[in-house]
Amino acid sequence: MTTATPPPVRLLVCDDHIVVRAGLLALLGSAPDIEVVGEAGTGEEAIALAAKLTPDVVLMDLQLGEGMDGVEATRQITSATSPAPHVLVLTTYDTDADITRAIEAGATGYLLKAERPEELFAAIHAAAQGRTTLSPPVASRVMARMRKPLPTLTERELDILAQLSQGLGNRDIARALFISEATVKTHLGRIYDKLGVDTRAGAVAVAKEQRLLP
């Protein structure tokens, strides 16, 4: 009795760099069990094609130039189309913020572009089955975050973080909270130390990741 050959995984590729996209298409064309059914250069285009072509997996870059980024495209694809395809992120970015945002948006897996072709092919098949695949550096970062206790900020530090997230400078924060600029600077130093950052933008990003801010 002959076992039926499973159909190929239907794949939609989204990357804003034409050369990178062409390289991916050529690489994926060498995999007999993967069929590229479409390509997109923007998040908006990916959403439209995902609804039209109903792929099994969308291979998604995070940074897509102007317009919608890959995270928002992932969120809309995994929530709007039915049946929703699985999204496998393929990117060069492996920061905690990028990883967290992508997974929270509904990405099934997170792969770095430095991975070998066979690992990419295996991840695509895993994603098609709803199984999570993470590049080793990404998996290490996720595990480290899970083991690391969340920082504890004082009520005043949380107040200052909230003001930071609105883009206020030290002087405006001092006025809003009825404290001196020197006090604001002191609190900022403590916030940076607790969150492991050295910039205002970094503090806001980490605080949002760890749900210290709404």
When the side chains of residues 14-27 are checked against the rest of the protein, which donor-acceptor pairs come out under 3.5 Å, sequence neighbours left out?
| unit_1 | atom_1 | unit_2 | atom_2 | d |
| --- | --- | --- | --- | --- |
| Asp15 | OD1 | His17 | N | 2.9 |
| Asp15 | OD2 | Lys113 | NZ | 2.8 |
| Asp16 | OD2 | Gly65 | N | 3.4 |
| Arg21 | NE | Glu39 | OE1 | 2.8 |
| Arg21 | NH1 | Asp15 | O | 2.6 |

*Partners passing salt bridge (Lys or Arg N to Asp or Glu O under 4.0 Å) against Glu157 (at least two apart in sequence or in another chain)*: Lys194

*Can you tell me how far the CE atom of Met60 sits from the CG atom of Leu12, to the nearest 0.5 Å?*
7.0 Å

*Once you round to the nearest 0.5 Å, how far does CZ of Arg200 lie from CG of Leu168?*
8.5 Å

*Give the C-alpha distance, both sets of side-chain angles, the deciding distance and a yes or no for side chain to side chain contact (heavy atoms under 4.5 Å, CB included) between Val37 and Leu11.*
CA-CA 6 Å; Val37 297; Leu11 184 73; 5.9 Å; no

Taking distance alone, no hydrogens or angles, what donor-acceptor pairs closer than 3.5 Å link side-chain atoms of residues 66-75 to residues at least two apart or in another chain?
| unit_1 | atom_1 | unit_2 | atom_2 | d |
| --- | --- | --- | --- | --- |
| Asp69 | OD1 | Val71 | N | 3.3 |
| Asp69 | OD1 | Glu72 | N | 2.9 |
| Asp69 | OD2 | Arg101 | NH2 | 2.9 |
| Glu72 | OE1 | Arg75 | NH1 | 2.7 |
| Glu72 | OE2 | Gln76 | NE2 | 3.1 |
| Thr74 | OG1 | Gly70 | O | 2.7 |

*For Thr183, what residues pass the side-chain hydrogen bond (donor to acceptor under 3.5 Å, both in side chains) criterion, not counting sequence neighbours?*
Ser180

*Val87-Val13 co-clustered via ILVMFWY side chain contacts under 4.5 Å*: no

*Is it true that Phe121 and Leu88 fall in one hydrophobic cluster, defined by side-chain heavy atoms closer than 4.5 Å?*
yes

_Taking the side chain as everything from C-beta on, heavy atoms only, tell me whether Asp56 gets closer than 4.5 Å to Pro85._
no

Name the atoms and distances for all side-chain donor-acceptor pairs under 3.5 Å in residues 125-133, with sequence neighbours left out.
| unit_1 | atom_1 | unit_2 | atom_2 | d |
| --- | --- | --- | --- | --- |
| His125 | NE2 | Asp33 | OD1 | 3.4 |
| His125 | NE2 | Asp33 | OD2 | 3.1 |
| Gln129 | OE1 | Arg131 | NE | 3.1 |
| Gln129 | OE1 | Arg131 | NH2 | 3.2 |
| Thr132 | OG1 | Thr108 | O | 3.3 |

*Please name the pair of heavy atoms, one in Leu64 and one in Thr42, separated by the smallest distance, quoted to 0.1 Å.*
CD1-C, 4.1 Å

*Got a sec, which residues hit side-chain hydrogen bond (donor to acceptor under 3.5 Å, both in side chains) with Glu45, two or more places apart in sequence or on another chain?*
none

_Can you tell me how far apart CD1 (Ile160) and CG (Leu153) are? Round to the nearest 0.5 Å._
10.5 Å

*Closest non-hydrogen atom pair between Leu62 and Ala102, with its separation*: CD2-CB, 4.3 Å

*asked:* Tell me whether Leu177 shares a hydrophobic cluster with Leu213, the cluster being built from Ile, Leu, Val, Met, Phe, Trp, Tyr side chains joined at under 4.5 Å.
replied: yes

*Rounded to the nearest 0.5 Å, what's the gap from CG on Leu111 to CG on Leu59? Could you check?*
8.0 Å

*asked:* Just to verify, what does Glu44 make a side-chain hydrogen bond (donor to acceptor under 3.5 Å, both in side chains) with, not counting sequence neighbours?
replied: none

*Which pair of heavy atoms, one from Val57 and one from Val9, lies closest together, and at what distance?*
CG2-CG1, 4.0 Å

*Is there side-chain contact between Val58 and His86, with at least one heavy-atom pair below 4.5 Å?*
no

*In a check of side chain to side chain contact (heavy atoms under 4.5 Å, CB included) between Val138 and each of Ile99, Val89, Asp98, which one passes?*
Ile99

*With the 4.5 Å side-chain cut-off for hydrophobic clustering, are Leu120 and Leu112 part of the same group?*
no

*asked:* Is it true that, when you exclude Tyr93 itself, more than 12 heavy atoms of the residues, nucleotides or ligands shown sit nearer than 6.0 Å to its OH?
replied: no

*Tell me, with the steps shown, if Arg156 and Ile179 meet side chain to side chain contact (heavy atoms under 4.5 Å, CB included).*
CA-CA 10 Å; Arg156 176 60 78 191; Ile179 56 179; 4.1 Å; yes

*What is the minimum heavy-atom distance between Tyr110 and Thr91, and which atoms define it?*
OH-CG2, 3.5 Å

*What pairs with Arg171 under salt bridge (Lys or Arg N to Asp or Glu O under 4.0 Å), at least two apart in sequence or on another chain?*
Glu181

*For Glu35, enumerate each residue passing the salt bridge (Lys or Arg N to Asp or Glu O under 4.0 Å) test, keeping only those at least two apart in sequence or located in another chain.*
none

_Let me confirm one number: the CD1-CD1 distance from Ile47 to Ile77, rounded to the nearest 0.5 Å._
5.5 Å

_For Glu104, all residues meeting side-chain hydrogen bond (donor to acceptor under 3.5 Å, both in side chains), sequence neighbours excluded_ = Arg211

*Check: Glu119 side chain, Arg116 main-chain N or O, donor-acceptor pair, under 3.5 Å*: yes

*All salt bridge (Lys or Arg N to Asp or Glu O under 4.0 Å) counterparts of Asp193, not counting sequence neighbours*: none

*Rounded distance (nearest 0.5 Å) linking atom CZ of Arg190 with atom NE2 of His187*: 6.0 Å

*Are Val204 and Val197 grouped together when hydrophobic residues (ILVMFWY) are joined by side-chain heavy atoms under 4.5 angstrom apart?*
yes

*State, to 0.1 Å, how close Pro8 and Ile34 come at their nearest heavy-atom pair, and which atoms those are.*
CB-N, 4.0 Å

_Walk me through whether Leu195 and Ile191 qualify under side chain to side chain contact (heavy atoms under 4.5 Å, CB included)._
CA-CA 6 Å; Leu195 298 183; Ile191 291 170; 3.8 Å; yes

